[in-house]
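For reference, the structure discussed in these notes is given below.
What's counted below: heavy atoms across the whole structure, side chains too, no hydrogens, waters or symmetry copies. First listed ligand is number 1; within each ligand, the first listed atom is number 1.
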Amino acid sequence: MIVMKFGGTSLGSAERIKKAATIIQSKLDDKPTIVLSAIGGVTDLLIEATNRAAEGKVDISAIKKKHLEIVNELGIDTSVFAELDEFETLIRSYSGEVNRMQMDEAVSFGERICTKIMAAYLIKEGVPAKAINAYDIGMATDGQHGNATLLDSSYTNLKNQLSSISELAIITGFIAKSPQGKITTFDRGGSDYTAAIIGAAIGAKEIQIWTDVTGVMSADPRIVSNAHTISEMSFDEAAELSYFGAKVLHPKTILPAVEHDIPVIVLNTLDPTVMGTRIVNKSEESKEIVKAISGKKGITVVNVSTSRMIAAPGFLADLFGVFAKHQISVDMLATSEVSVSLTVDNAEQLIPIMDELKALGDVTVAPNHAIIIVVGEGFKKQIGKAAPIFEVLAQNEIHVEMISQGASEINIGFVVEEDNAEKAVKVLHKHYFG
Ligand code: ASP
């Protein structure tokens, strides 16, 4: 048994849906369960239409047009238009500000419609398929709309319910239901997570994430023209990369797969025969020290310095207490006896906490920075591994402001000025891969 998940860009047109269907048909012997995102761009259109409807302007023509073109071109007969009417009636009932619960119900139509289209097309092609809303087979979360947390009971329920479905199951990604019976969603891009949960529930042999790039690259190919596809990497390496800018995988995807030791394979719908990246719990011993170099721009560095920290237990707890209270997530951290440097994603978030931070010490805030990370299991237990990184940066006159290495020892991260971010990625990629 395998799980195959297709993302929005792999489903963006009738032609792409046909391609995805051909890939599915070629894997029937592996007993696949299919998980789909909404058709590319549709989730954004649904959000837009919902917000406009709440302001009194109901217009779903763009969404209708997109689906109508696809359905016509595929030559299928579906209940898609009944769903679109249902969506229109729903958003007509919204007024004023749309809350997250209402938004979840509205965006759920993207996945609900897409699965119906794929199932209808596969049936037309002679494959007995069935569109299934994930919540109808046990995908359950808490009631935190927009970013819901999975309830563990889902695993057993999904397993039991899926075992009684004889057709090829085409399941909605991204959406679930709360114990109150309301539709919930995982974070944006959450269909990967759905795929991992289903894979874990049924004990799949592998989870295939079909997207529009060939696997995980050694660097962003827009920055480094000779970036290559990484053939195999560990979950830890992939998680580090996805947190720091590599857009291929939703970080949460990693968890259910890791916990159940199921490999995740990232493949390209447009180039299905090319081997993508295999992400496994523990990767084979690799010759390369480094697997990838990635960067994240738009970072703000916050420095808090105070002599109060010297031998003062609890200072860091107070400092992080401020961030925790305001739900601001901190990416990177470096501390000395008299100062703490940390990075946040968004300088605006700091405005409401500045007074609380100033009460703890002298605060400086430096926006327009970037975090660069160099990732590789090969770093572990390697003496002198960091030296070449900083030598290369120095040779290229790139000033490094903060350095950190996590306990996992598989990445070295540092902060540079945003203007130097691309140069840093380029020179390091050249150093490690030529
Ligand atoms: N359709 C959702 C989104 O656009 C979920 C997904 O694509 O994974 O975020």
task: Return the set of residues passing side chain to side chain donor-acceptor pair (under 3.5 Å) with His67 (not counting sequence neighbours), or none when no residue passes.
output: none
query: Crowded around Asn72 CG? As in, over 12 foreign heavy atoms under 6.0 Å?
result: yes
message: Counting only heavy atoms from other residues, nucleotides and ligands, does the tally under 6.0 Å from NZ of Lys18 exceed 12?
response: yes
- prompt: With a 3.5 Å cut-off and no angle check, do the side chains of Asn133 and Thr172 form a donor-acceptor pair?
  reply: no
field: Asp236 versus Ser234, side-chain donor and acceptor atoms under 3.5 Å
entry: no
query: For the atom pair CG (Asn411) and CD (Glu377), what is the distance rounded to the nearest 0.5 Å?
result: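 Asn411 CG to Glu377 CD: 10.5 Å, rounded to 0.5 Å.
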query: For ligand 1, what are the residues with a heavy-atom contact below 4.0 Å?
result: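 For ligand 1, the residues that come within the 4.0 Å heavy-atom cutoff are Ser37, Ala38, Thr43, Glu111, Phe174, Arg188, Gly189, Gly190, Ser191.
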